[in-house]
Enquirer: 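Take this structure, written in structure tokens, and hold onto it; I'll ask about it next.
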Amino acid sequence: MKISSFDNNNMMYANILKNVSKCIILTEEEITQFTDLLTTRKVPKKTMLLQEGEICQFEGYLQKGCVRIYYLDENGFEVTLAFAVEDWWISDIASFHYHIPSSLYMETLEECELLMLTPETKEKLLDTIPKFERVFRMLVQRRLAVLQNRLIHTMAKPATERYLEFIDLYPTISQRVPQYYIASYLGVSPEFVSIIRKRLATGK
């Protein structure tokens, strides 16, 4: 039987099921099979979920909180690649699938709640419910689009325009993370972010 809403037993998983339902429709049995494979994890603020050199062992759905994804450049400076907030999925796809050391760091900026799959449980999920291939294909496409747009905008657009597009992508981030992380993402100094904000606030 196809469903369009979730009963009380699925309230814990309502958000992730709503997320998945954008791509596929699950039966009651498939919902149970899926949620039985998920592991719930609560993580304190300032916890490293992944560090450079480690093999990523999770693909996680963020129920609550904020995560920063970054790498170290040749001078040892942190370069923020992305933020993840509620209703985002996080993983190092290359490390997760090919079992190679990651070049990324993932750090919680707030207390986080995640629903997680391991390589083993994801493989079991795909064997049991093959249509989940579409879910993960769409996730990869979204990540590629975000990274491609970020690369193009970083190279070609003025800082003010990059900031506006950043706020459009992450509407709540400016109130949730330190300004120097936003500056790291935009490739400018924290002082320049302050100047941009003042200009936008005054309309000058």
Side-chain angles (χ1 to χ4, degrees), residues 11-20 22 38-52 54 56 58-73 76-93 102-117 139-140 142-154 157-203:
M11 287 306 295
M12 176 181 176
Y13 302 106
N15 292 333
I16 193 171
L17 291 173
K18 184 177 179 181
N19 180 280
V20 167
K22 297 172 185 177
L38 295 171
T39 300
T40 304
R41 184 179 176 191
K42 292 188 177 182
V43 185
K45 180 179 179 179
K46 290 294 183 182
T47 298
M48 299 302 299
L49 297 172
L50 180 69
Q51 298 192 64
E52 181 181 13
E54 296 178 348
C56 183
F58 65 87
E59 189 150 4
Y61 172 82
L62 194 54
Q63 289 258 68
K64 173 187 173 184
C66 179
V67 174
R68 182 171 74 108
I69 302 166
Y70 67 95
Y71 69 93
L72 300 181
D73 67 13
F77 294 111
E78 296 179 3
V79 179
T80 300
L81 282 176
F83 297 95
V85 291
E86 291 83 1
D87 202 38
W88 285 57
W89 290 77
I90 57 171
S91 183
D92 180 335
I93 295 298
S102 178
S103 58
L104 302 177
Y105 295 82
M106 295 186 188
E107 179 186 22
T108 60
L109 300 183
E110 300 172 350
E111 182 179 79
C112 292
E113 295 179 7
L114 296 114
L115 297 172
M116 309 182 87
L117 292 166
L139 287 174
V140 170
R142 179 189 179 189
R143 288 170 183 154
L144 286 175
V146 168
L147 289 175
Q148 177 178 287
N149 288 336
R150 170 159 160 60
L151 177 62
I152 293 171
H153 296 164
T154 298
K157 295 197 174 183
T160 300
E161 194 169 339
R162 298 204 304 270
Y163 178 79
L164 289 172
E165 291 182 348
F166 170 81
I167 295 301
D168 185 57
L169 180 63
Y170 302 107
T172 65
I173 283 291
S174 61
Q175 288 79 46
R176 297 173 67 173
V177 306
Q179 187 165 286
Y180 55 85
Y181 286 155
I182 297 174
S184 172
Y185 178 93
L186 295 173
V188 299
S189 69
E191 292 76 18
F192 196 65
V193 173
S194 292
I195 292 171
I196 293 172
R197 285 177 165 175
K198 287 178 183 176
R199 286 176 181 170
L200 292 172
T202 59

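Quick note: numbers below take in every heavy atom, side chains included, and nothing from hydrogens, waters or symmetry partners.
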Enquirer: Where is the tightest heavy-atom contact between Gln63 and Ile16, given as atom of each residue plus distance?
Expert: OE1-N, 4.5 Å

Enquirer: Strictly below 4.0 Å, N to O, side chains only: are Asp87 and Lys22 in salt-bridge contact?
Expert: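 Counted as a salt bridge, because a side-chain N and a carboxylate O are separated by less than 4.0 Å.
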
Enquirer: For residues Leu114 and Tyr61, determine if any side-chain heavy atom of one lies less than 4.5 Å from a side-chain heavy atom of the other.
Expert: no

Enquirer: Trp88 ring centre to Arg142 NZ or CZ under 6.0 Å, with the angle to the axis within 45°?
Expert: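 Satisfied, under 6.0 Å and within 45°.
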
Enquirer: Could you tell me whether Arg176 and Glu110 make a salt bridge, using a distance below 4.0 angstrom between a side-chain N and a carboxylate O?
Expert: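 Here Arg176 pairs with Glu110 in a salt bridge, since their nearest N and O are under 4.0 Å apart.
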
Enquirer: Could you check whether any side-chain heavy atom of Cys66 comes within less than 4.5 Å of a side-chain heavy atom of Val177, counting everything from C-beta outward?
Expert: yes

Enquirer: Between the side chains of Arg68 and Glu78, is the shortest nitrogen-to-carboxylate-oxygen separation below 4.0 Å, so that they form an ion pair?
Expert: yes

Enquirer: Does this structure show an ion pair linking Lys46 with Glu107, if we count only N-O contacts that are shorter than 4.0 Å?
Expert: yes

Enquirer: Got Leu49 and Arg41 here, is their nearest side-chain heavy-atom distance under 4.5 Å?
Expert: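 Leu49 reaches Arg41 side chain to side chain.
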
Enquirer: To the nearest 0.5 Å, how far apart are CG in Leu50 and OG in Ser91?
Expert: 8.0 Å

Enquirer: Report yes if some heavy atom in the side chain of Gln51 is under 4.5 Å from a heavy atom in the side chain of Leu104; otherwise report no.
Expert: no

Enquirer: Answer yes when Glu86 and Lys64 have at least one side-chain N-carboxylate O distance shorter than 4.0 Å, and no when they do not.
Expert: no

Enquirer: Would you call Tyr13 and Leu115 a side-chain contact if the rule is heavy atoms closer than 4.5 Å?
Expert: yes

Enquirer: Report yes if the side chains of Tyr70 and Met106 come closer than 4.5 Å at any heavy-atom pair, otherwise no.
Expert: no

Enquirer: Are Leu109 and Phe83 side-chain neighbours, meaning at least one heavy-atom pair lies under 4.5 Å?
Expert: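 The answer is yes; the side chains approach within 4.5 Å.
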
Enquirer: Can you check whether Phe166 and Tyr185 have ring centres sitting under 6.0 Å from each other?
Expert: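 Centroid distance Phe166-Tyr185: below 6.0 Å, so yes.
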
